[in-house]
Amino acid sequence: MAKSKVLVVGATGYIGKRIVKASLDQGHITYVLQRPETGLDIDKLQLLLSFKKQGARLVEGSFSDQQSLVEAVKNVDVVICTMSGVHFKSHNILMQLKLVDAIKEAGNVKRFLPSEFGMDPARMEHALAPGRETFDQKMIVRKAIEDAKIPFTYVSASCFAGYFVGNLSQLETLTPPKDKVCLYGDGNVKAVYMDEDDIATYTIKSIDDPRALNKTLYLRPQENILSQRQLVEIWEKLSGKKLEKIIISGEDFLASMKDKDYAAKAGMGHFYHISYEGSLTNFEIGEDGEEASNLYPEVKYTRMDEYLNIFV
């Protein structure tokens, strides 16, 4: 079976650039949306040109010109959107509604993967404000996709290692603490930690797979389901240094959010659901979902001792 042609929207972003690489590596003809809004952002332009050197095809399109989106979409079988949905960068989730309209009008897309890649928003109706805005908006996009009868795969990619592992899940830093580490609750709540390149690999694996059609693809490889305490123990073993443990109760964590700005409150709310409620692991995957490492056992995913070893 011929490999699907892919369009990546949001290709210069954190996950987007990895999706482009994985798509090319797995042999897909890969288009990248080049938006005129890039303007004088030289870093983005040079990244787009680097994709072109690697074999990607640049196609112009703007969210302020609906017909240009339709024409871009007509080139491909699969559209993957990776536009940012975090408040400390840019929060563009609802811009995807224009992309949904373009896909519906074009009529040729066999699969759409909207910008998700975090917790499953369908399970986050109880989420704290203001962070719940992200989940609510993702559900608005899902409804539009399903109302338009566009075939989809939703990717729930768990905790990005770059933001949760190198820092042992400490806030306001990305590198390991030297002397003390804050543990959330008893530190035994399980989360799932994923290398971002592996997220991209699994995502691209799914796009032509009928088993992932109209389902949520959960990235929960067994060896990466770890508690924060286990993560700290891995680091202590690698570094040969014991860290002082400071316990942060759920009540104290929530209290610490009160004086933060909007973006910080949103992020900390998500952090609370992961670290105290276990929102990535406190459910069984049902008939409407699949687990990526079960579907693709050939993928040699990065274990977190390997990931942390770079910091030693």
Side-chain angles (χ1 to χ4, degrees), residues 10 12-16 41 43 82-96 114-141 156-187 189-194 196 199 226-229 231-232 235 243-282 307 311:
T12 59
Y14 187 67
I15 291 296
D41 191 329
D43 291 330
T82 62
M83 294 172 70
S84 176
V86 292
H87 289 84
F88 69 88
K89 289 189 175 180
S90 54
H91 198 263
N92 297 321
I93 296 297
L94 290 182
M95 281 180 67
Q96 292 179 102
S115 185
E116 296 233 351
F117 303 103
M119 285 180 277
D120 181 359
R123 300 181 182 276
M124 298 307 296
E125 289 181 351
H126 68 291
L128 295 167
R132 67 168 298 147
E133 178 186 29
T134 299
F135 306 122
D136 291 344
Q137 291 187 357
K138 286 180 178 180
M139 292 306 294
I140 290 169
V141 174
S156 177
S158 301
C159 292
F160 296 172
Y163 285 102
F164 283 87
V165 176
N167 56 3
L168 308 183
S169 296
Q170 305 302 284
L171 298 172
E172 299 178 352
T173 182
L174 295 174
T175 54
K178 294 186 169 29
D179 304 303
K180 303 174 184 178
V181 62
C182 292
L183 291 181
Y184 307 107
D186 59 11
V189 172
K190 293 288 180 75
V192 188
Y193 303 99
M194 292 298 303
E196 291 83 346
I199 292 171
L226 301 166
S227 68
Q228 187 200 4
R229 193 176 287 274
L231 199 62
V232 170
W235 173 249
L243 297 173
E244 179 187 347
K245 317 297 191 296
I246 300 169
I247 303 298
I248 308 294
S249 71
E251 293 79 9
D252 286 346
F253 186 88
L254 291 173
S256 72
M257 292 171 55
K258 289 180 181 175
D259 296 326
K260 303 292 185 182
D261 62 25
Y262 190 95
K265 282 181 180 176
M268 289 177 73
H270 296 180
F271 202 93
Y272 177 85
H273 296 303
I274 293 167
S275 300
Y276 290 92
E277 295 180 351
S279 293
L280 296 170
T281 58
N282 62 3
Y307 189 93
F311 290 95

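Just so you know, residue 1 is the first one in the sequence shown, and it goes up from there.
Counting heavy atoms from C-beta outward, F164 and I274 have side chains that approach closer than 4.5 Å. Proximity of Y193 to S169: side-chain heavy atoms (C-beta onward) are separated by under 4.5 Å at one or more points. Contact annotation: the side chain of K138 never approaches that of P114 to less than 4.5 Å [non-hydrogen atoms, C-beta and beyond]. At a threshold of 4.5 Å between non-hydrogen side-chain atoms, the residues D41 and T12 do not count as touching. Proximity of I248 to Y276: side-chain heavy atoms (C-beta onward) are separated by under 4.5 Å at one or more points. Taking the side chain as every heavy atom from C-beta outward, Q228 and V189 never approach each other to under 4.5 Å.
For the side-chain hydrogen bond (donor to acceptor under 3.5 Å, both in side chains) test, residues two or more places apart in sequence or in another chain that qualify with E116 are R142. By the salt bridge (Lys or Arg N to Asp or Glu O under 4.0 Å) test, K260 pairs with E172, sequence neighbours left out.
The two residues G187 and S227 make their nearest non-hydrogen contact at O-CB, 3.3 Å. Across all their heavy atoms, P177 and L168 have their closest contact at CD-CD1, 3.8 Å. C159 and A191 get closest at one heavy-atom pair: SG-CB, 4.3 Å.
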Checklist entry - Yes or no on side-chain contact (heavy atoms from CB on, under 4.5 Å) for S256 and M268, after CA distance, side-chain angles and deciding distance? => result CA-CA 9 Å; S256 72; M268 289 177 73; 3.4 Å; yes

Item to check | From CA spacing to verdict: side-chain contact (heavy atoms from CB on, under 4.5 Å), V181, K245 | outcome: CA-CA 5 Å; V181 62; K245 317 297 191 296; 3.6 Å; yes

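Ring planes of H270 and F135: tilted class, angle from 30 to 60°. The aromatic rings of F311 and Y307 sit tilted, their planes meeting at an angle between 30° and 60°.
Other residues, nucleotides and ligands contribute only 12 or fewer heavy atoms inside 6.0 Å of the CG atom of D259.
A donor-acceptor distance shorter than 3.5 angstrom exists from the side chain of R132 to the backbone of E125, with no hydrogens or angles considered. A donor-acceptor pair under 3.5 Å is absent between the side-chain atoms of E277 and the main chain of Y272, judged by distance alone. Checked by atom type and distance alone, the side chain of T281 pairs as donor or acceptor with a backbone atom of K190 at under 3.5 Å. Put simply, the side chain of D120 never gets that close to the backbone of S156: no donor and acceptor are under 3.5 Å apart. Side chain of S115 to backbone of M83: a donor-acceptor contact under 3.5 angstrom is found. In this structure, E196 contributes its side chain and I15 its backbone to no donor-acceptor pair below 3.5 Å.
Ring pair Y14/F117: centre-to-centre distance not below 6.0 Å. The six-membered or imidazole ring of F271 lies near that of Y184, with a centre-to-centre distance under 6.0 Å.
Expressed to the nearest 0.5 Å, how far NZ of K265 lies from NZ of K258 amounts to 10.0 Å. How far CG of L243 is from CD of Q170: 8.5 Å, rounded to the nearest 0.5 Å. Here E133 contributes atom CD and L94 contributes atom CG; the two are 8.0 Å apart, rounded to the nearest 0.5 Å. We find the CG-CG distance between L174 and N167 to be 6.0 Å, quoted to the nearest 0.5 Å. For the atom pair NE2 (H273) and CE (M124), the distance works out to 4.5 Å, reported to the nearest 0.5 Å. For the atom pair D186 CG and S249 OG, the distance stands at 12.0 Å (nearest 0.5 Å).
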